[in-house]
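Step one of this worksheet: look at the structure below.
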2 protein chains.
Amino acid sequence: MVTTDKPQPRSTLRDVARLAGVSVATASKALNGRDQVHPDTRARVLVAAERISFTPNALARGLLAGQTGTVGLITGDLDGRFSLPILMGAEDAFGKGKMSVFLCDARGDAIREKYHLDALLSRRVDGLIVVGSRTDPRPSLGRNLPVPVVYVYAPSTDENDLSLVPDNVQGGADSAEFLVSRGRRHIAHITGETGYAASQDRVRGIERAMSSHGLPLVGGAQFGSWTEQWGRNAAAQLIEQHPEVDGILCGNDQIARGVLETVREAGWTVPGRVAVMGYDNWEVFTTGSRPQLTSVDMNLEALGALAARRLFDAINGDSRSGVELLPCRIVPRETT
Amino acid sequence: MVTTDKPQPRSTLRDVARLAGVSVATASKALNGRDQVHPDTRARVLVAAERISFTPNALARGLLAGQTGTVGLITGDLDGRFSLPILMGAEDAFGKGKMSVFLCDARGDAIREKYHLDALLSRRVDGLIVVGSRTDPRPSLGRNLPVPVVYVYAPSTDENDLSLVPDNVQGGADSAEFLVSRGRRHIAHITGETGYAASQDRVRGIERAMSSHGLPLVGGAQFGSWTEQWGRNAAAQLIEQHPEVDGILCGNDQIARGVLETVREAGWTVPGRVAVMGYDNWEVFTTGSRPQLTSVDMNLEALGALAARRLFDAINGDSRSGVELLPCRIVPRETT
DNA sequence: AAATGTACCGAAAAGGTTTTCGGCGAATGT
DNA sequence: ACATTCGCCGAAAACCTTTTCGGTACATTT
């Protein structure tokens, strides 16, 4: 089963020109819609190109133009659910043009990141998008890169870089407001690891919103891990120590799933006795649960789309810097 | 905040040569470890290259060599959990060499797929990996492409293409064997949509294994959807109609989660009263559940790694065709 | 001292495309 | 009939790197 048939050599512009009986210059102009070429000639070239299924060599084109129409996306967590929506948003925003996205996974490893950076730069990408798996600031790729860079989700520590980050303070505040507006008065917060900027920001937003209503945060913010198991444990303790609780804001959807499981096993109805909200709006978790989980969506696709636009602008000489915060939105379902 | 500082122009080999006081030819040879260059000269070139942080232009190199050191990966489901492990496996296998992976998301849309295919071919990728989200055969990209193609997870309908697919028949059979070897005798199967080759294959494997032991499949294969909700519903019916059931094989981990929830709420212990197995081994589901879920892993990273090797071989003229089945493995946890 | 060999370096071509600019033929104006 | 304009086409340069091959300078041999 070992064959060795070299596939047909790819056709070049010269082949097209020869077949159409014109020069390569004319063929090029005809194919690219330049003027200065007679309609009949153009038609001849087009059919010739079609006949031998000519595909212009982007390498040669990029070499000449100094632009390749590609951007590199270096991500820290391919397994994660953050970088993918961002990638899709970016692809969509670029899509209408002729940009392609070169994706690399550094897996949080600085060495691998450097390796991929070199690979991308040598392939002359027109720009870079750097995606992290946490909203904590991360080291900059450096100031004197030959192409513009946009940091997404994980901001750069360098103020001169441009970073796009979801506004977790606002997201947290909105989630609290949401429960308050639904009549909840005894709200608790169970979140993930304390070392994450995401947890800290959301806590800050929640506390701000609660105090603006003169309400306490029942039991204070409970830090743990980002797992269902922690959600179950924390919820068990919470309903024992604070049976008055009527709303639980969770640090992510997995914690919320754990919380949901525990409170329902304790005989509490959701949302009757207590409302529960998740964070991230990870569909497979939010719609799989019973009842379906209200959650906070960080609009990651929009984040990716904005990254694409900002990068596009920067490539065209119009670059910004600093941190841009993008709003989160609440997706109401059945647990509130 | 709108600046317009064009970043420094990238340095070329000519710059290096000038700085080192040699010709470009010598500079090239020095940098690429060719012989015919004096050690002192080579050293001069290397420091010169370092000083101006020279990065060879992969476009020019690729144009000349006819090889770009890149492969395209066209996937159908970026949101899905299948293509990502495959991508990572492929990246790992390539990683040691100097291959980079160009990822595109076609979202199951033939038009978008064609678009990306053209984009990749024009960028002169050395090969293509096509990943689908279902194991059902998919249309071939065509026989006369200028580069080799490997189809992964979703096989091509064309026997002349090379396809790499997890062996779901074996996976199903092994899962049944596993429960039987643990002493279960009344095994049921709750799976997803009937139209999926994956469901059909697994059912076939399960039925084969059961009948080889002279055991019936309790209630027959139950088809539904790939959701937790279906798992809950099907389990409720199952334990009512077949209270003798002591093992449940599920079509995926989400169904298993639903089953788990229902049987536990009915007061059955797991694995005491009934064993439960998932499929896919999606960590976030299998380890988040209580008890943690035994599941079948399709070894997707290995699949991706093999795809990379096969593609590499094909690029070097050693190509195969047909469908290769890769074994699945069982990951025992607490539900069995 | 002449001839041969060795070690190193540089000129040039190649790869495919785009763009500029000069040129050629035909049509128009006088 | 001549000059001018206009429309269209092609030659050539440019992008950057790699490789081949000829050449130079020096050391070695006879």
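Below, chains carry the letters A, B, ... as their sequence lines are ordered, and counting in each starts from 1. Computed from a predicted structure; not experimentally measured.
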Between [X] ([atom1]) and [N] ([atom2]), how many Å, whole number?
X: A/Leu59; N: C/dA14; atom1: CG; atom2: C1'; value: 15 Å
X: B/Arg123; N: C/dG15; atom1: CZ; atom2: P; value: 23 Å
X: B/Asp35; N: C/dC8; atom1: CG; atom2: C1'; value: 11 Å
X: A/Leu64; N: C/dT17; atom1: CG; atom2: P; value: 11 Å
X: A/Asp15; N: C/dT17; atom1: CG; atom2: C1'; value: 13 Å
X: A/Arg42; N: D/dG10; atom1: CZ; atom2: P; value: 14 Å
X: B/His38; N: D/dC26; atom1: NE2; atom2: C1'; value: 12 Å
X: A/Arg14; N: D/dA11; atom1: CZ; atom2: P; value: 12 Å

Per [X] side chain, nearest of listed nucleotides [options]:
X: A/Lys29; options: D/dG10, D/dT19, D/dC16; result: D/dG10
X: B/Ser28; options: D/dT19, C/dT19, D/dC15; result: D/dT19
X: B/Ala25; options: D/dT18, C/dA11, C/dC8; result: C/dA11
X: B/Leu13; options: D/dT17, C/dG15, D/dC8; result: D/dT17
X: A/Leu63; options: C/dT17, D/dC16, D/dT18; result: D/dC16

Hey, does the side chain of [X] reach the backbone of [Y] with a donor-acceptor pair shorter than 3.5 angstrom?
X: A/Arg123; Y: A/Ala119; value: yes
X: B/Tyr151; Y: B/Leu141; value: yes
X: B/Asn32; Y: B/Arg34; value: no

Does OP1 or OP2 of [N] have a side-chain N or O of [X] closer than 4.0 Å?
X: B/Arg34; N: D/dT19; result: yes
X: A/Thr26; N: D/dC9; result: no
X: A/Asn32; N: C/dT18; result: yes

- Report the residue (B/Pro39 or A/Asn57) whose heavy-atom-nearest nucleotide on DNA chain C is the more 5′ of the two.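 Mapping each residue to its closest nucleotide by heavy atoms, the 5'-most match is B/Pro39.
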Taking for each residue the nucleotide of DNA chain C with the nearest heavy atom, is it B/Gln36 or B/Arg124 whose nucleotide lies nearer the 5' end?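 With B/Gln36 and B/Arg124 compared, the 5'-side residue is B/Gln36.
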- [ ] Assign A/Thr12 to base, sugar-phosphate, or nothing according to its heavy-atom contacts below 4.0 angstrom with the strands shown.
- [x]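 Here A/Thr12 touches the backbone only, sparing every base.
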Could you pull out the closest heavy-atom pair between B/Leu13 and B/Ser28, with the gap in Å?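 Closest approach of B/Leu13 to B/Ser28: CD2-CB, 3.8 Å.
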Note to self: What I want to find out is whether B/Arg107 reaches A/Asp92 closely enough, with some N-O distance under 4.0 Å, to be called a salt bridge.
What the structure shows: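 Yes, B/Arg107 and A/Asp92 are salt-bridged.
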